[in-house]
Peer 1: 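Please read through the structure below; I'll follow up with questions.
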Amino acid sequence: MTDEHTRQESEENQDLDAGGDLREQRLRKLEDLQARGVEVFSDPPDKTFTSAQQAYESFTEAETGEETEEEDKPRFTLAGRLTAKRDMGKSVFADLRDQSGRIQLYAKKNILGEDAFEIFNLLDIGDIVAVEGPLFKTRKGEITVRLEWIRLLTKSLRTLPEKWHGLTDVEQRHRHRYLDLISNSSVREIFRKRTEVVREIRAFLDDKDFMEVETPMLQPLPGGAAAEPFETYYAALRSPMFLRIAPELYLKRLLTGGFERVYELNRNFRNEGLSRHHNPEFTMLEVYQAYGDCRSVMDLTEELITTVAQNVLGTLCISTEENTVDLSRPWERVRYHDLIRRHLGEDWFDLTDQQRRERAQTWEITTSPEMTEVEITQEVYEKTIEPNLINPVFITELPAPLVPLAKKCRNNPETVDVFELVFNGQEIAPGYSELNDPLEQRQRLLEQLGVETVEQAEEGQIDEDFLTALEYGMPPAGGMGIGVDRLVMTLLGVDSIREVILFPHLRQKSG
RNA sequence: GCACCCGUAGCUCAGUCGGUAGAGCAGCUGACUCUUAAUCAGCGGGCCGAAGGUUCGAAUCCUUCCGGGUGCACCA
């Protein structure tokens, strides 16, 4: 390639560059670089890379300062994305960012060499490069790589979001999460922390001899929760299939099988609307402990969450937008009945139906005539009590109708032996003394379907194999579930589930 | 599903009473060998989310649709 040729090509580019399409501009720049013999999507150099952070940490005045001869200074190879350029003519400052952070580059024409300097000048913000050189400290005191060698690794064809304001449009941030991650360090931090939370949950349970298992996500019968499933079709078997709404019924089979401590930490799918608190696929932790019950699982949950919080956040005090949550142990445990009387009046359960509705009215709760006492109480609880439960509290012995599939309390068949863990005004985790009586379980499943006999149930609505597993004998067990996305939201003080899911679901854009 | 709010350059945002589009960053050209939101001079960039309507005239007013946000409902 002759100089004349490249000069002519550059002049052509100048004319075309007058257009407004920045991608077109970059495509032409790419061709220009290729015409100069520069590989625009090249292989990484066979060198040992140093991260930006390592480079900072390895800088010492003695080795790289003024006193040391230039050729004696150690050379570093780094790779990353150019995020800024400050052009001074015969020298250029630039910012390089890798996973560990940012470091400044200094390209000087008479050090880098004329050809390489010219190539460097052609690079765009967003390009990915490998660079090499010694470290020095600028007059303003910033540790900087003095470039002696560069290689373009990846040409970027798109303009990055603005350096100062970044990407703020929520829709764009979620549709193009990679741009969000490039632009917003707080977002990078949230997802690093999320990964740490998940890692700590596993470490905690593994340490307690719980066994992580994987059960079907593709199920012929979706069970274990009351929710609308996603439906799909298995061509080879010519049968409809469902994405699981919960792993519960399979995990319980494993208890029958003799695995005494199991957990699964993975995705569930529910065919529901999107909201600040709902994504159709969400990450669920379910834990089952044989020979345990509601209380043993309560202890486990308390220890799990405090351990995770302490290890990830380094504190048990969480600041959210409006609250400060203190996770210090021990956590309060209160019977549902007592909690209700504490907040709604000691006489709440002695009131007549009419009086109860009138009092609900004072909380601006509207009741419909067909609502039962339990439903009215629960409505008032959800609207007026739960949002104000900031520090963790286990609510125990819930009314049986609210939790149809749990074991009844020995001392009071009107209530079930379960807990709801609430903090930051949100339900975080339910736990149960699991029902292991196959006869009662069958009865409850039928009731849930609103029928009296198996014959009345539509074919395939009852998971007979699950009931069979119970008939072989499932040990008494405690079980617990945590919505991991919501736990992460709470721990990180974020108020939308989409902020803790890398690729939240959004509507397809048509046209 | 219902209600309210939002959609203007690659990004962040102005745009008054309806008179036909502006800035900063990014980009391009030039100057500058320690800058750091570099600076200075100049230049280009728009189907104003889409389609209808009202009007002499619409980014602006009306209707429908698309997408997003928030609240409610559904839902753990």
Side-chain angles (χ1 to χ4, degrees), chain A residues 10-11 13-26 28-29 82-95 102-112 117 122 124-126 136-144 146 156-176 179-180 182-184 224-229 245-246 248 268 270-280 282 284 286 366 378 382-383 386 402-403 418 420-422 426-430 481-483 485-486 495-498 504 506-511:
Chain A
S10 295
E11 275 166 20
N13 288 352
Q14 280 168 31
D15 292 341
L16 293 164
D17 283 349
D21 191 328
L22 300 173
R23 184 166 172 275
E24 284 296 318
Q25 264 182 34
R26 289 194 172 202
R28 260 174 249 118
K29 228 181 219 187
L82 292 177
T83 55
K85 267 174 98 181
R86 294 176 289 281
D87 188 347
M88 309 277 303
K90 293 193 179 61
S91 69
V92 180
F93 285 90
D95 292 341
R102 183 204 80 106
I103 194 163
Q104 183 169 256
L105 308 179
Y106 180 54
K108 202 171 177 180
K109 193 171 183 178
N110 58 8
I111 290 179
L112 188 53
F117 187 75
L122 280 172
D124 287 306
I125 291 169
F136 75 107
K137 213 171 210 177
T138 64
R139 274 176 210 158
K140 298 275 173 64
E142 178 162 357
I143 295 166
T144 299
R146 192 193 309 275
S156 168
L157 297 177
R158 303 271 186 168
T159 322
L160 250 33
E162 204 217 9
K163 59 183 170 188
W164 193 241
H165 300 92
L167 191 68
T168 61
D169 182 77
V170 174
E171 182 179 356
Q172 297 258 60
R173 288 184 42 235
H174 294 158
R175 284 193 196 280
H176 311 291
L179 291 179
D180 194 24
I182 290 171
S183 303
N184 299 315
E228 188 69 23
I245 54 176
E248 175 165 347
N268 286 348
R270 296 185 183 176
N271 211 335
E272 295 158 0
L274 295 156
S275 84
R276 227 156 54 102
H277 304 104
H278 298 84
N279 195 58
F282 61 97
M284 186 81 181
E286 283 200 17
T366 45
Q378 178 64 8
E382 282 178 3
K383 290 283 153 59
E386 189 178 85
L402 294 181
V403 194
V418 302
E420 297 275 15
L421 170 62
V422 177
Q426 291 179 43
E427 184 198 314
I428 303 294
I482 297 180
D485 312 273
R486 290 184 185 175
D495 63 4
S496 168
I497 199 167
R498 297 177 206 107
L506 296 173
R507 251 177 250 273
Q508 298 287 318
K509 279 207 156 181
S510 61

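Here is the naming used below: chain letters follow the sequence lines, and residue numbers restart at 1 for every chain.
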Peer 1: So does A:K29 get a side-chain nitrogen or oxygen closer than 4.0 Å to the phosphate oxygens (OP1/OP2) of B:rC28?
Peer 2: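 Answer yes for this pair, as a side-chain N or O of A:K29 is under 4.0 Å from OP1 or OP2.
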Peer 1: Nearest to the side chain of A:S496, heavy atoms from C-beta on, is which of B:rU36, B:rU70, B:rC32?
Peer 2: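 Out of B:rU36, B:rU70, B:rC32, the nucleotide with an atom closest to A:S496's side chain is B:rU70.
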Peer 1: Between B:rC32, B:rG10, B:rG68, which nucleotide gets closest to the side-chain atoms of A:R507?
Peer 2: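 Ranking B:rC32, B:rG10, B:rG68 by closest atom to the A:R507 side chain puts B:rG68 first.
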Peer 1: How far does the C1' atom of B:rA21 sit from the matching atom of B:rG15, given to the nearest Å?
Peer 2: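 These two C1' atoms come out 8 Å apart once rounded.
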Peer 1: Please give the distance between the C1' atoms of B:rC6 and B:rU60 as a whole number of Å.
Peer 2: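 So the two C1' atoms sit 15 Å from each other.
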Peer 1: In whole Å, what separates the P atom of B:rC66 from that of B:rA73?
Peer 2: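 Those two atoms are separated by 24 Å.
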Peer 1: Does a side-chain N or O from A:K140 land closer than 4.0 Å to OP1 or OP2 of B:rU35, or not?
Peer 2: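 So the side-chain polar atoms of A:K140 do come within 4.0 Å of the phosphate oxygens OP1 or OP2 of B:rU35, strictly under.
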Peer 1: Among B:rC75, B:rU36, B:rU33, which nucleotide has an atom closest to any side-chain atom of A:R102?
Peer 2: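 When the side chain of A:R102 is considered, B:rU36 is the closest of B:rC75, B:rU36, B:rU33.
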Peer 1: When the distance from CD of A:Q25 to C1' of B:rA9 is rounded to whole Å, what number comes out?
Peer 2: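 The distance from CD of A:Q25 to C1' of B:rA9 comes to 13 Å, rounded to the nearest Å.
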Peer 1: A:H165 NE2 to B:rA14 P: how many Å, rounded?
Peer 2: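 Atom-to-atom, A:H165 to B:rA14, this comes out as 11 Å.
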Peer 1: Would you mind calling B:rC25 syn or anti? Take O4'-C1'-N9-C4 for purines or O4'-C1'-N1-C2 for pyrimidines, and syn is within 90° of 0.
Peer 2: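 Anti, angle beyond 90° from zero.
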Peer 1: Nearest to the side chain of A:F93, heavy atoms from C-beta on, is which of B:rU36, B:rC34, B:rU70?
Peer 2: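 Of B:rU36, B:rC34, B:rU70, B:rC34 is nearest to the side chain of A:F93.
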Peer 1: Hey, does the side chain of A:R139 come within less than 4.0 Å of B:rU35's phosphate (OP1/OP2), counting only N and O?
Peer 2: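 It does not, given that no N or O in the side chain of A:R139 lies less than 4.0 Å from OP1 or OP2 of B:rU35.
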Peer 1: Quick one: on RNA chain B, does A:E171 or A:E142 contact a more 5' nucleotide (nearest heavy atom)?
Peer 2: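 Here A:E142 is the residue nearer the 5' end.
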Peer 1: Does A:T168 have a side-chain nitrogen or oxygen under 4.0 Å from the phosphate oxygens OP1 or OP2 of B:rC13?
Peer 2: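 Answer yes for this pair, as a side-chain N or O of A:T168 is under 4.0 Å from OP1 or OP2.
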Peer 1: Round to the nearest Å and state the distance from A:L105 atom CG to B:rU35 atom P.
Peer 2: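 One finds 16 Å between P of B:rU35 and CG of A:L105, rounded.
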Peer 1: For the side chain of A:K163, starting at C-beta, report the closest nucleotide among B:rC32, B:rA38, B:rG67.
Peer 2: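 Nearest to the side-chain atoms of A:K163, counting from C-beta on, is B:rA38.
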Peer 1: Rounding to the closest angstrom, what is the interatomic distance between B:rG45 and B:rG24 at atom C1'?
Peer 2: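 Approximately 15 Å lies between the C1' atom of B:rG45 and that of B:rG24.
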Peer 1: If you check every side-chain atom of A:Q104, which of B:rG68, B:rU36, B:rC34 has the closest atom?
Peer 2: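 Among the listed nucleotides, the one closest to the side chain of A:Q104 is B:rU36.
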Peer 1: Stem finding on RNA chain B, please: runs of three or more consecutive Watson-Crick or G-U wobble pairs, both distances under 3.5 Å, sorted by first number.
Peer 2: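 As far as RNA chain B goes, consecutive pairing (with distances under 3.5 Å) yields the stems B:1-7 with B:66-72, B:10-13 with B:22-25, B:27-31 with B:39-43, B:49-53 with B:61-65.
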Peer 1: Mapping A:D495 and A:I125 to their closest nucleotides on RNA chain B, which lands nearer the 5' end?
Peer 2: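 The residue closer to the strand's 5' end, by nearest nucleotide, is A:I125.
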Peer 1: Can you identify which nucleotide, out of B:rG69, B:rC75, B:rU33, has its nearest atom closest to the A:L506 side chain?
Peer 2: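 Nucleotide nearest to A:L506's side chain: B:rG69.
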